Peer 1: 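Please find one structure pasted underneath; my questions will follow.
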There are 2 protein chains.
Amino acid sequence: MKNNYLYREKKIMTMKTVTEMTGLSERQIRYYETQKLIFPERTCSGTRRYSFSDIERLMDIAEKIEDGVLTREIRDDLYKRRKKVLIQETKRL
Amino acid sequence: MKNNYLYREKKIMTMKTVTEMTGLSERQIRYYETQKLIFPERTCSGTRRYSFSDIERLMDIAEKIEDGVLTREIRDDLYKRRKKVLIQETKRL
DNA sequence: CGTGTAAGGAATTCTGACACG
DNA sequence: CGTGTAAGGAATTCTGACACG
């Protein structure tokens, strides 16, 4: 459903809400951003905005880190997956 | 879908995001709250939190007010609709 | 009635840095 | 490496009030 997608992907939450929903600290959330694991939008004045999808991704990241996975491994995995998707899309054309 | 409901009804947005999404002023949004047309949650520190559902409701309210409908008429309509739902639920028992 | 605005305080967010390890 | 924290400034939010009509 298109509406469902809009709700899930729209970047609308501020940091506070995200810490409440994920249980992570601001520090952790900002650090994962510097490591290119998460990509919030910014308002014109510079405050971050997250989506429900980001929340889910953050909880996934947190779980992996607890299991001892390094942020760069998580990032490499993310890039590999993206590459795969791009290759498949290229083949389709 | 249960997930869809969660995204739509969860109170997660702050005032700024709501003004951006609805085009309404903070003043208008707070006023509609005093008139019991909209019911944001509050964090422990007192800041309001709105859901996607609230956004849609606010845009509906704004449209009615532009058409000259009074806030108390909108509220009375809301109460009537709720009463109707309650009566139907009562009958079902 | 519905909305704008200035006022002043409180809560939020941001960045860059020091710390530990 | 991943996270905590104190620092200081900027942006956000809140309430109660005055204003217009």
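Worth saying up front: this structure is predicted, and the values here are computed from it rather than measured. Note on naming: letters A, B, ... go to the chains in the order of the sequence lines (proteins, then strands), and numbering restarts at 1 for each one.
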Peer 1: For B:Glu33, run the salt bridge (charged side-chain N to carboxylate O under 4.0 Å, His left out) check against B:Arg27, B:Arg42, B:Arg75 and tell me which one passes.
Peer 2: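 Considering B:Arg27, B:Arg42, B:Arg75, a salt bridge (charged side-chain N to carboxylate O under 4.0 Å, His left out) with B:Glu33 is found only for B:Arg42.
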Peer 1: Find the distance A:Ile29:CD1 to D:dG4:P and express it as a whole number of Å.
Peer 2: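 For the pair A:Ile29 CD1 and D:dG4 P, the rounded distance is 10 Å.
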Peer 1: Under a 4.5 Å side-chain heavy-atom rule over Ile, Leu, Val, Met, Phe, Trp and Tyr, are A:Ile29 and A:Leu78 clustered together?
Peer 2: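 No, A:Ile29 and A:Leu78 fall in different hydrophobic clusters.
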Peer 1: Polar atom pairs between nucleotides 10-14 of chain D and protein, under 3.5 Å, N or O only, would you list them?
Peer 2:
residue	atom	partner	partner atom	Å
D:dA11	O3'	A:Ser45	OG	3.1
D:dT12	OP1	A:Ser45	OG	2.7
D:dT12	OP1	B:Lys16	NZ	2.5
D:dT13	OP1	B:Thr14	OG1	3.1
D:dT13	OP1	B:Met15	N	3.3
D:dT13	OP1	B:Lys16	N	3.0
D:dT13	OP2	B:Lys16	N	3.1
D:dC14	OP1	B:Arg48	N	2.6
D:dC14	OP1	B:Arg48	NE	3.0
D:dC14	OP2	B:Arg30	NE	3.3
D:dC14	OP2	B:Arg30	NH2	3.0
D:dC14	O5'	B:Arg48	NH2	3.4

Peer 1: Using only side-chain N and O atoms of B:Tyr32, determine if any of them is under 4.0 Å from OP1 or OP2 of C:dT3.
Peer 2: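 For B:Tyr32, the contact criterion (side-chain N or O under 4.0 Å from OP1 or OP2 of C:dT3) is met.
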Peer 1: Dot-bracket for DNA chain D, please. Rules: Watson-Crick or G-U, both distances under 3.5 Å, ( ) within the strand, [ ] when a pair crosses earlier ones, | for another strand, . otherwise.
Peer 2: .||||.||.|.|.||.||||.
Peer 1: Are any of the side-chain nitrogens in B:Lys64 or B:Asp60 under 4.0 Å away from the carboxylate oxygens of its partner?
Peer 2: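 Yes, charged N to carboxylate O under 4.0 Å.
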Peer 1: For the side chain of B:Arg27, starting at C-beta, report the closest nucleotide among D:dC18, D:dT5, C:dG2.
Peer 2: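 Of D:dC18, D:dT5, C:dG2, D:dC18 is nearest to the side chain of B:Arg27.
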Peer 1: Using 4.0 Å as the upper bound for N to carboxylate O, is an ion pair formed by A:Glu56 and A:Arg8?
Peer 2: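 Yes.
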Peer 1: If the cut-off is 4.0 Å, is B:Tyr31 near the phosphate of C:dG2, judged by side-chain N/O to OP1 or OP2?
Peer 2: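 Checking B:Tyr31 against C:dG2: at least one side-chain N or O falls below 4.0 Å of OP1 or OP2.
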Peer 1: Grab the CG-C1' distance between A:Leu24 and D:dT3 for me, whole Å please.
Peer 2: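 For the pair A:Leu24 CG and D:dT3 C1', the rounded distance is 11 Å.
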Peer 1: Is a side-chain donor or acceptor of A:Thr19 paired with a backbone partner of A:Gly23 at a separation under 3.5 angstrom?
Peer 2: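 Not confirmed, A:Thr19 side chain does not pair with A:Gly23 backbone.
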Peer 1: Return the value, rounded to whole Å, for the distance between atom CD1 of B:Ile38 and atom C1' of C:dG2.
Peer 2: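 Distance, rounded to whole Å: 16 Å.
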Peer 1: Could B:Glu9 and B:Arg49 be called an ion pair, given the rule that one side-chain N must be under 4.0 Å from one carboxylate O?
Peer 2: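 Looking at B:Arg49 together with B:Glu9, the answer is no, because their closest N to O distance does not fall below 4.0 Å.
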Peer 1: Distance-only, no hydrogens or angles: does the A:Arg57 side chain make a donor-acceptor pair with backbone N or O of A:Leu37 under 3.5 Å?
Peer 2: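 Such a contact is found between A:Arg57 side chain and A:Leu37 backbone.
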Peer 1: Grab the two heavy atoms, one from B:Arg82 and one from B:Phe39, that are nearest each other, plus how far apart they are.
Peer 2: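 Closest approach of B:Arg82 to B:Phe39, heavy atoms only: NH2-CE1, 3.5 Å.
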